[in-house]
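Notes follow the structure.
Atoms within a ligand are numbered from 1 in the order they appear, just like the ligands themselves.
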Amino acid sequence: MELPLSQRHFWTLLLLVVSNLLLWEKAAAILPCLTKEGGCMDPLVETFNNTINRAVTIRSLAEQMDEEFFRNDGSSIYFRNFLSKMIREDYRSFRARTHCHSSITNPPDWGTEHTNIATEKYLKMLINFVGAWDAPLYNLVVELSAMDDVPETILSKAKEIEENNRELLDDLRWILTKAYPTEKTQENFPSWQHLPYIKSSLRNYKFWAIFNLSSCLCEDIYFTIFHLKALRCRITRENC
Ligand SMILES: *[C@@H]1O[C@H](CO)[C@@H](O)[C@H](O)[C@H]1NC(C)=O
Ligand SMILES: *[C@@H]1O[C@H](CO)[C@@H](O)[C@H](O)[C@H]1NC(C)=O
């Protein structure tokens, strides 16, 4: 049945109006926030909060994963041996974390050096500190996936840590471009010299590299959370 012309007109017009309304609503939703009242949030603060939540997630996963390595039948003997060896022979370096590949990129965390560092430089140092974990975590996941006696609970934590670290890094890059739009990014991630160890077919070497990584990560993530909070305060002036 054909509609009379006038009625067809009416429906077309109505459709046009409705679709325009929908479009308008969508545009309104993505308009930038002009005010914080009425639940409008500052995307920088929101992204900083996101990064902190991610880092807290990594901290909890890394601690659980480390514990599981100490408990798991396949790895516990290695982990116990390395820990006692380290406490015996290399305790100072262990505490100072000088053996951690990331330690050279860790921004200063106290004293005048910490206070005087320019915010932009500080943010870039943190990007390198977090980025230092990109390749090692990737390789950790690859190697754990290839071993047939690694329990799913450990593997899934390693994967989740790697993913969160990658997203955290991307969020920091975004923050840098928003806070310093004209700045060129110069990333310089320290290389991880123990890659051949984690790839070794000798379990002792493999677990040695994994042990070092796991204990360094558990320490580093505390610094990451500290620096993220310090930078959120400096850049957004929120939650100081
Ligand atoms: C960010 O986190 C702080 C502290 O947890 C909270 O007080 C604030 O409301 C959060 N802001 C946004 C925009 O998420
Ligand atoms: C593990 O860390 C110790 C320092 O405590 C270092 O001497 C050793 O070379 C590291 N080994 C691997 C495989 O990462």
Other residues, nucleotides, ligands: >12 heavy atoms within 6.0 Å of Gln193 CD: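 Atom CD in Gln193 is crowded, with more than 12 foreign heavy atoms closer than 6.0 Å.
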Would one find more than 12 heavy atoms of other residues, nucleotides or ligands at under 6.0 Å from atom OH of Tyr122?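 Counting other residues, nucleotides and ligands, OH of Tyr122 exceeds 12 neighbours.
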Report the C-alpha separation of Glu63 and Arg59 in whole Å, then their side-chain angles, then the decisive distance to 0.1 Å, and conclude whether the salt bridge (charged side-chain N to carboxylate O under 4.0 Å, His left out) test is met. CA-CA 6 Å; Glu63 282 169 356; Arg59 179 179 66 193; 5.0 Å; no
Look at Asp149 together with Arg203 and state whether they make a salt bridge at an N to O cut-off of under 4.0 Å.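 Yes, Asp149 and Arg203 are salt-bridged.
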Inspect the contact between Glu162 and Arg166 and indicate whether a charged nitrogen and a carboxylate oxygen are less than 4.0 angstrom apart.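 Salt bridge: yes.
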With atoms numbered from 1 as shown, which atoms in ligand 2 lie under 4.0 angstrom from a non-hydrogen atom of Met86?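 So the atoms of ligand 2 that pass are 2 (O), 4 (C), 5 (O).
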Need the ligand 2 atom indices (1-based, order shown) with element for anything under 4.0 Å from a heavy-atom of Asn212.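 It comes down to these atoms of ligand 2: 1 (C), 2 (O), 3 (C), 8 (C), 10 (C), 11 (N), 12 (C), 14 (O).
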Measuring from atom 12 (C) of ligand 1, which candidate in Ile52, Thr236, Asn53, Asn49 has the nearest non-hydrogen atom?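 Minimum heavy-atom distance to atom 12 (C) of ligand 1 goes to Asn49.
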Ignoring angles and geometry beyond distance, decide whether Tyr197 reaches within less than 3.5 Å of ligand 2 through its nitrogen or oxygen atoms.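 There is no such contact.
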Taking heavy atoms and a distance under 4.0 Å, where does Arg232 meet ligand 1: side chain, backbone, both or neither?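 The side chain, only.
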Against ligand 1, does Asn239 come closer than 4.0 Å with any heavy atom?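 Right, Asn239 reaches ligand 1.
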